[in-house]
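Numbers here simply count residues along the sequence, with the first being 1. Small disclaimer: the values here were computed from a predicted structure and weren't measured. Atoms within each ligand, like the ligands themselves, are counted from 1 in listed order.
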Amino acid sequence: MRTHITNIYGHSPKSTALIAQNMTTNIAKSLDFNEIGIYAYPVSLDSPQELRTRIDGMISGVGFTDIVVAQFPTWNDMEFDESLIARLREYSSLKLCIFVHDVLPLMFEENYGLMPRFIAMCNQAQVVILPTEAMKARLVSEGLQGPKIIIQKLWDHQTTLSYQTPKFERLIHFAGNPDRFPFINQWRYQTPLQVFDQPNDNSLTDNASFIGWYRDEEMLFKLSSGFGLSWSENFPGKRERDYSELNLSFKLSTYLAAGIPVIVRRGIAVADFIATNHLGLVVDSLQEADDIIQTMSESDYQVMATHVKQISFLVKNGYYTKKALIDSLHSLLSTD
Ligand SMILES: O=c1ccn([C@@H]2O[C@H](COP(=O)(O)OP(=O)(O)O)[C@@H](O)[C@H]2O)c(=O)[nH]1
């Protein structure tokens with residue numbers, strides 16, 4: 001019996017979906033999983049037979065009694081994901097876990113109609129890894145039933161960079177782009193915002209500096225002071241804020257890996273975890289965060305940083321992913 005995990009290729013190196021799946025695969029490999037590579041391509045060009053042949057090539061190393069963890073979505077269209085699951089289900093003794101990174105029907109309003117297909121796909125697995133309890137409740141209300149559910153809880157952000165005590169600075173970092181997070185173009189708070197993205201013509205503020213996109217280690221190195229912001233707003237067609245109440249943010253774990261305290265909106269899925277573990281500020285508005293930072297003492301900051309250091313160790317070493325994968329294997333192979 002062998003264990004396998006799918007992994008995507010061929011997307012932009014700046015794609016967070018690619019970064020997250022590649023990282024998850026690296027962690028799984030440390031647990032002796034084999035990789036099933038899935039290259040990005042337009043699935044609509046394949047005839048049903050070509051698609052089947054393509055999938056057979058990808059899973060040629062999978063045996064009838066093996067375990068497969070499918071990281072979804074593959075971003076090759078839901079038709080591809082469904083075909084992959086259908087083909088794997090033909091191996092009657094194979095055990096299947098779907099590791100849900102994003103739920104397309106909830107990400108984009110126009111995709112909500114895909115929900116029944118998404119749920120039907122998940123219901124074919126024995127185990128489904130979901131990001132949060134809130135996502136579990138939502139998908140159960142949409143019809144998810146049957147698979148054992150494992151909660152991921154937090155993204156990891158693996159790095160070998162050694163821990164540095166962060167400096168107290170009244171500064172907020174944001175590792176996201178203004179197309180998805182337009183509110184950063186109107187930053188009007190006293191605490192300056194430092195954005196990891198190229199300058200853009202739509203920025204209406206002098207108090208946000210766009211310092212460019214950095215590769216992983218450089219970015220982590222620059223996140224050496226102040227706070228990391230994870231914040232989403234709804235805008236037409238994309239209910240980012242609603243989605244953040246169900247899903248996990250990757251950038252949140254980037255800040256934790258770097259060792260800096262975070263700022264999150266009350267109501268997002270991990271807000272309680274952030275508050276209970278004293279990892280930063282859980283606030284109702286950006287104005288509230290600004291006010292707290294402007295009056296905060298250095299010792300208050302360092303207390304938070306000390307708490308972050310502990311979770312940073314877990315995140316940098318991949319322990320959330322390892323736990324989710326190991327719990328999934330136990331669920332697939334034993335009964336409690
Ligand atoms: O200069 C940068 C800016 C961002 N990122 C990566 O992009 C992620 C944030 O992407 P996104 O906003 O899509 O993530 P989300 O928080 O929405 O999951 C960060 O965590 C980093 O891994 C990076 O590598 N370099």
Set of salt bridge (Lys or Arg N to Asp or Glu O under 4.0 Å) partners for D300, sequence neighbours left out: none
Salt bridge (Lys or Arg N to Asp or Glu O under 4.0 Å) filter on E133, not counting sequence neighbours, yields none
Partners passing ring pair (Phe, Tyr, Trp, His ring centres under 6.0 Å) against F118 (at least two apart in sequence or in another chain): none
Which parts of the protein, at residue level, reach under 4.0 Å of ligand 1 through a heavy atom? T16, H157, A175, R180, F181, F196, W213, Y214, M219, S249, F250, K251, T254
Heavy-atom closest pair (A305 atom, Y163 atom, distance to 0.1 Å) is O-OH, 3.8 Å
In a check of side-chain hydrogen bond (donor to acceptor under 3.5 Å, both in side chains) between Y41 and each of N76, D77, D46, which one passes? D46
Partner of T25 under side-chain hydrogen bond (donor to acceptor under 3.5 Å, both in side chains), chosen from T321, N7, T6: N7
